Protein chains: 2
Amino acid sequence: MHAEQPVRSGRAKRLPRAVRERQIMDAAVDVFSRLGFHAASMDEISEVAGISKPMLYAYLGSKEELFATCIRREATRMMEAISEGVEAEAPPDVQLWSGLRAFFGFVGANRAGWQVLHRQASSQGGPFAAELADMRGRAISLVAALLVHSSDFANVPRAGDKEAESLAAALVGAGESLADWWLDNPAEPAGVVAARLMNLVWMGFGDLVAGEVWHPPSRRTEYAAEDA
Amino acid sequence: MHAEQPVRSGRAKRLPRAVRERQIMDAAVDVFSRLGFHAASMDEISEVAGISKPMLYAYLGSKEELFATCIRREATRMMEAISEGVEAEAPPDVQLWSGLRAFFGFVGANRAGWQVLHRQASSQGGPFAAELADMRGRAISLVAALLVHSSDFANVPRAGDKEAESLAAALVGAGESLADWWLDNPAEPAGVVAARLMNLVWMGFGDLVAGEVWHPPSRRTEYAAEDA
DNA sequence: GGGTAAGCCTACTGGTGAGTAGGTAAGGCG
DNA sequence: CGCCTTACCTACTCACCAGTAGGCTTACCC
């Protein structure tokens with residue numbers, strides 16, 4: 001599961017700073033995700049990273065700085081993964097579907113990162129939660145914009161910006177929570193989990209905007225552009 | 001927000017054990033919710049409770065025992081609140097609606113308790129998470145049974161037990177997550193948050209079982225029992 | 001009133017973990 | 001080759017916190 005490089009013994013090989021920093025960050029995400037911020041010790045992180053504690057302090061600063069850096073890195077990675085996954089020119093439901101797939105794909109390929117990001121960051125107080133709230137806000141805006149566009153699309157005079165934002169918050173929340181649940185029940189593949197949420201949610205949103213039932217793109221004829 | 005009794009100075013007044021235990025539990029939930037399990041110190045809990053540390057150990061055992069007891073107490077309280085809130089003889093959608101209202105009502109009236117229950121318990125590992133998973137499992141079964149019944153009700157040959165359980169998990173997850181979100185954005189009343197989730201979710205489920213759109217009971221004539 | 005048990009305390013120990021002081025090897029460059 | 005910068009280390013300090021030893025005081029009951 002968490003396959004960092006083996007524990008060192010003796011002096012570590014000389015490596016350029018950028019490489020070491022990457023190793024340290026990977027180790028930190030791993031340890032923070034397993035133990036939580038407080039229970040994780042700088043000693044353990046340095047051990048997993050294969051270096052000594054002073055190196056850790058020299059490169060990444062205090063424990064809190066290190067944690068904040070982890071959060072920022074994982075948040076950025078995730079937002080990038082989603083941005084790249086979304087099919088921006090597709091109809092709204094397909095945009096949402098591709099976004100969900102990208103999201104669950106990221107979480108599945110990056111469980112430790114997600115754990116740090118969501119569970120740990122939100123249960124610590126202060127600036128960490130703020131960092132998270134920021135990313136969450138961006139995600140919500142994204143979904144809200146999608147919803148507004150989608151009701152324009154269907155010519156329905158519903159869904160003011162406020163309403164859309166609330167619904168987006170609920171959807172983002174549902175996604176986060178389902179991802180958490182998935183971490184504890186990892187039997188199913190990402191696509192199935194994503195499809196479940198899509199089904200649950202879009203059929204609701206579908207009623208809001210058009211009263212329709214949603215099917216995955218591959219079963220539709222009028223949108224068979226990309227399939228893969 | 002967390003209005004425990006003021007900090008003592010000197011010797012505390014003599015009180016029967018049961019009362020002290022209650023005070024200690026309240027203090028513990030308060031402190032755990034604010035700081036998290038690890039960052040919370042027994043010193044601070046005893047101070048908030050208005051007694052000294054050895055009393056704490058004499059009555060509630062170790063820090064871990066205390067935490068587990070908190071989780072159990074809050075979990076029990078919550079399940080009771082929901083059980084009492086659900087209108088068991090009502091149609092499925094109204095059952096769900098009343099359950100959601102009871103849930104968000106409990107969270108709103110008991111924020112610290114919810115925080116301990118959900119955020120803290122799930123981010124600690126081991127027996128705590130297990131305790132939580134147990135309660136969650138009961139909640140999911142409850143919702144799943146409701147869904148199965150609801151599709152019987154609509155004479156739709158859909159929603160096998162497995163499918164129902166997945167959907168129930170997603171719904172419970174969405175509820176938990178929306179509750180978390182609400183803690184961070186406490187501007188709205190419980191009813192509004194509950195209604196939002198009901199709307200989002202039932203209109204999805206409604207399609208699953210009957211293709212219908214949901215309205216709150218007060219707008220319907222055939223089920224205008226309570227309003228408040 | 002006197003015994004005694006329940007309620008309460010101050011004041012410690014031991015362990016753990018954040019952060020640092022001060023020093024050693026290794027590669028590059030004149 | 002010798003110098004110096006960068007990478008790296010061992011071995012500490014200091015604070016904080018879980019858990020405890022041992023003793024004081026109040027209420028109740030005979």
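Proteins get letters first, then strands, A, B, ... in listed order; numbering begins at 1 in each. Since the model is a prediction, treat every value here as computed from it, not as a measurement.
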Taking atom P of C/dA26 as reference, at what distance in whole Å does atom CG of A/Leu15 sit? 14 Å
Between CD1 of B/Ile24 and C1' of C/dG7 the distance, given in whole Å, is 11 Å
Which letters describe nucleotides 15-28 of chain D, given B = protein heavy atom under 4.0 Å from base, S = only from sugar-phosphate, - = neither? ---BBBB--BBB--
Aromatic contact, B/Phe104 with B/Trp114 (centres under 6.0 Å): no
How far does CG of B/Leu56 sit from CD of B/Glu47, to the nearest 0.5 angstrom? 12.0 Å
Could you check how far CD of A/Glu47 sits from C1' of D/dC8, rounded to whole Å? 16 Å
B/Arg20, nearest nucleotide to its side chain (from C/dC8, C/dG7, D/dC9): C/dC8
Would you say that A/Arg111 contacts A/Pro186 through its side chain, given a criterion of any heavy-atom pair below 4.5 Å between the two side chains? yes
In A/Arg73, A/Met78, A/Glu131, the residue satisfying side-chain contact (heavy atoms from CB on, under 4.5 Å) with A/Leu117 is A/Met78
Could you tell me how the ring of A/Phe67 sits relative to the ring of A/Phe37: parallel (under 30°), tilted (30 to 60°) or perpendicular (over 60°)? tilted
Any carboxylate oxygen within less than 4.0 angstrom of a Lys/Arg side-chain nitrogen, looking at B/Glu74 and B/Arg77? yes
Taken to the nearest 0.5 Å, the spacing of B/Gln23 CD from B/Leu15 CG works out to 6.0 Å
Just how far, in rounded Å, is P of D/dT6 from CD1 of A/Ile51? 18 Å
Please report the end-to-end axis angle for the helix from C/dG1-D/dC30 to C/dG30-D/dC1, five pairs per end, rounded to 10 degrees. 10°
What pairs meet the salt bridge (charged side-chain N to carboxylate O under 4.0 Å, His left out) rule with one or both residues in residues 170-180 of chain B, with sequence neighbours excluded? B/Arg119-B/Asp180, B/Arg136-B/Glu176
Calculate the interatomic distance between A/Lys13 atom NZ and D/dT6 atom C1'; express it in whole Å. 16 Å
When the distance from CG of A/Leu56 to P of D/dA7 is rounded to whole Å, what number comes out? 15 Å
